Amino acid sequence: IKDLVVAAFAWATKEGVLCEENVRAVRFNIHDVTLHADAIHRGGGQIIPTARRCLYASMLTAEPRLMEPVYLVEIQCPEGAMGGIYSCLNRRRGHVISEEQKVG
């Protein structure tokens, strides 16, 4: 059963619950497992989708949220390209921390 739950974990974290992207920085604690008495109900076709749905439910219960990446960059450009750079930053909610002009 361990291999089947690991396969379900890999599937659930490869296609996350919010936007079907990779899930990072998450941990699941499995406390108890109750299996069906018949061996026919303990196959991979039953355990993997069920474990995946359990993992999805636990992620949704934890109230996940999408994080927006923030980058700090240094841009060097000629003075004629400044307008294009500022318009691109404004479209992407960018902020200019400082501006320095260098001769040469």
Side-chain angles (χ1 to χ4, degrees):
I1 186 170
K2 182 178 177 182
D3 295 336
L4 299 174
V5 174
V6 168
F9 175 80
W11 186 12
T13 56
K14 183 179 178 188
E15 300 173 3
V17 70
L18 288 181
C19 58
E20 296 182 2
E21 290 191 2
N22 289 339
V23 176
R24 293 179 294 178
V26 66
R27 183 180 85 185
F28 298 97
N29 294 330
I30 300 174
H31 293 287
D32 187 28
V33 174
T34 304
L35 297 176
H36 198 275
D38 293 336
I40 191 92
H41 298 291
R42 291 188 300 228
Q46 287 77 31
I47 292 179
I48 292 175
T50 305
R52 178 176 170 250
R53 284 194 302 271
C54 290
L55 296 171
Y56 275 2
S58 63
M59 282 190 271
L60 287 172
T61 303
E63 299 177 0
R65 53 191 68 76
L66 294 174
M67 305 297 285
E68 181 180 19
V70 178
Y71 299 102
L72 178 64
V73 297
E74 180 179 329
I75 301 172
Q76 297 179 3
C77 67
E79 192 171 336
M82 293 285 288
I85 291 174
Y86 272 96
S87 69
C88 181
L89 286 173
N90 286 332
R91 276 185 277 139
R92 301 179 193 283
R93 296 189 292 150
H95 301 284
V96 176
I97 296 173
S98 68
E99 180 180 328
E100 299 175 15
Q101 294 185 0
K102 295 183 181 177
V103 179

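This structure is a prediction, so every number in the text was calculated from the model and none was measured. Keep in mind that the numbers below use all heavy atoms, side chains included, and drop hydrogens, waters and symmetry copies.
- Pairs passing the salt bridge (Lys or Arg N to Asp or Glu O under 4.0 Å) check and including a residue from residues 19-30, sequence neighbours excluded, do not occur.
- Among all heavy-atom pairs drawn from A57 and T61, the shortest one is O-OG1, 2.7 Å.
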Show the atom names and distances, to 0.1 Å, of all donor-acceptor pairs under 3.5 Å that link a side chain in residues 92-100 to residues at least two apart or in another chain.
from	atom 1	to	atom 2	distance (Å)
R93	NH2	E68	OE1	2.9
R93	NH2	E68	OE2	2.6
E99	OE1	Y86	OH	2.4

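- Cluster annotation: L66 and Y56 are assigned to the same hydrophobic cluster (Ile/Leu/Val/Met/Phe/Trp/Tyr, side-chain heavy-atom contacts under 4.5 Å, transitive).
- If you take OG1 on T50 and CZ on R52, they are separated by 11.0 Å, rounding to the nearest 0.5 Å.
- I30 and M59 sit in two unconnected hydrophobic clusters of ILVMFWY residues. Membership requires side-chain heavy atoms under 4.5 Å apart, directly or through other members.
- Residue V70 belongs to no hydrophobic cluster, having no ILVMFWY side-chain heavy atom closer than 4.5 Å to its own.
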Side-chain donor-acceptor contacts of residues 73-85 below 3.5 Å, not counting sequence neighbours, with atom names and distances?
from	atom 1	to	atom 2	distance (Å)
E74	OE2	Q76	NE2	3.2

For residues 1-18, please give each side-chain donor-acceptor pair under 3.5 Å, one per line with the distance, not counting sequence neighbours.
from	atom 1	to	atom 2	distance (Å)
W11	NE1	E15	OE1	3.4
T13	OG1	F9	O	2.8
T13	OG1	A10	O	3.4

